[in-house]
Q: 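Shown below is the structure under consideration.
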Amino acid sequence: VSDEMIARARRNLAGIAHAHVHVGSGSSLGMFASESFDVAYSYAVFQHIPSKEVVFGYLRDAHRVLKTGGLLLAQF
């Protein structure tokens, strides 16, 4: 993720109380507790990750951080 995209996200989400920008490790969602989200959303991301193992790791982590009955919305 580029610094410009992080800055743009912060500007675009500035007025939304429960929207937060987090810069991750680039290979996991380890910074988030299990079962802490109702929705996980990914659009136009996975095609930029050159490793299938990292993509599958993100999907496993998305499952881990979703609450029971949570929803994963992803574009492949």
Q: Test of understanding: clusters of I, L, V, M, F, W, Y form through side-chain heavy atoms closer than 4.5 Å, transitively. Do Tyr41 and Val23 belong to the same one?
A: no
Q: Check for me, please, whether Val55 and Tyr43 land in the same ILVMFWY cluster - side-chain distances under 4.5 Å, paths through other members count.
A: no
Q: Quick one: salt bridge (Lys or Arg N to Asp or Glu O under 4.0 Å) partners of Arg8, sequence neighbours excluded?
A: Glu4
Q: Which residue pairs pass the salt bridge (Lys or Arg N to Asp or Glu O under 4.0 Å) test when at least one of the two sits in residues 22-36, sequence neighbours left out?
A: none
Q: Which pairs pass salt bridge (Lys or Arg N to Asp or Glu O under 4.0 Å) with one or both residues in residues 13-23, sequence neighbours excluded?
A: none
Q: Sequence neighbours excluded, which residues qualify as side chain to side chain donor-acceptor pair (under 3.5 Å) partners of Glu53?
A: Ser51
Q: Taking only residues two or more places apart in sequence or in another chain, which ones pass side-chain contact (heavy atoms from CB on, under 4.5 Å) with Val45?
A: Ser42, Ile49
Q: Any pair with a residue in residues 15-24 that passes side-chain hydrogen bond (donor to acceptor under 3.5 Å, both in side chains), sequence neighbours left out, goes on the list, sorted by first then second residue, please.
A: none
Q: If Ile, Leu, Val, Met, Phe, Trp and Tyr residues are connected whenever their side-chain heavy atoms lie under 4.5 Å apart, and connections chain through other members, are Ile16 and Ile6 in the same group?
A: yes
Q: Compile the donor-acceptor pairs under 3.5 Å between side chains in residues 61-75 and protein atoms, sequence neighbours left out, one pair per line.
A:
from	atom 1	to	atom 2	distance (Å)
Asp61	OD1	Arg64	NE	3.1
Asp61	OD2	Leu29	N	2.6
Arg64	NH1	Phe32	O	3.0
Arg64	NH1	Ser34	OG	3.2
Arg64	NH2	Leu29	O	3.0
Arg64	NH2	Phe32	O	3.2
Gln75	OE1	Ala44	N	2.8

Q: Got a sec, which residues hit ring-ring contact (aromatic ring centres under 6.0 Å, His included) with Phe76, two or more places apart in sequence or on another chain?
A: Phe46
Q: Using every non-hydrogen atom in the two residues, find where Ser27 and Ser25 come nearest and quote the distance to one decimal.
A: N-OG, 3.1 Å
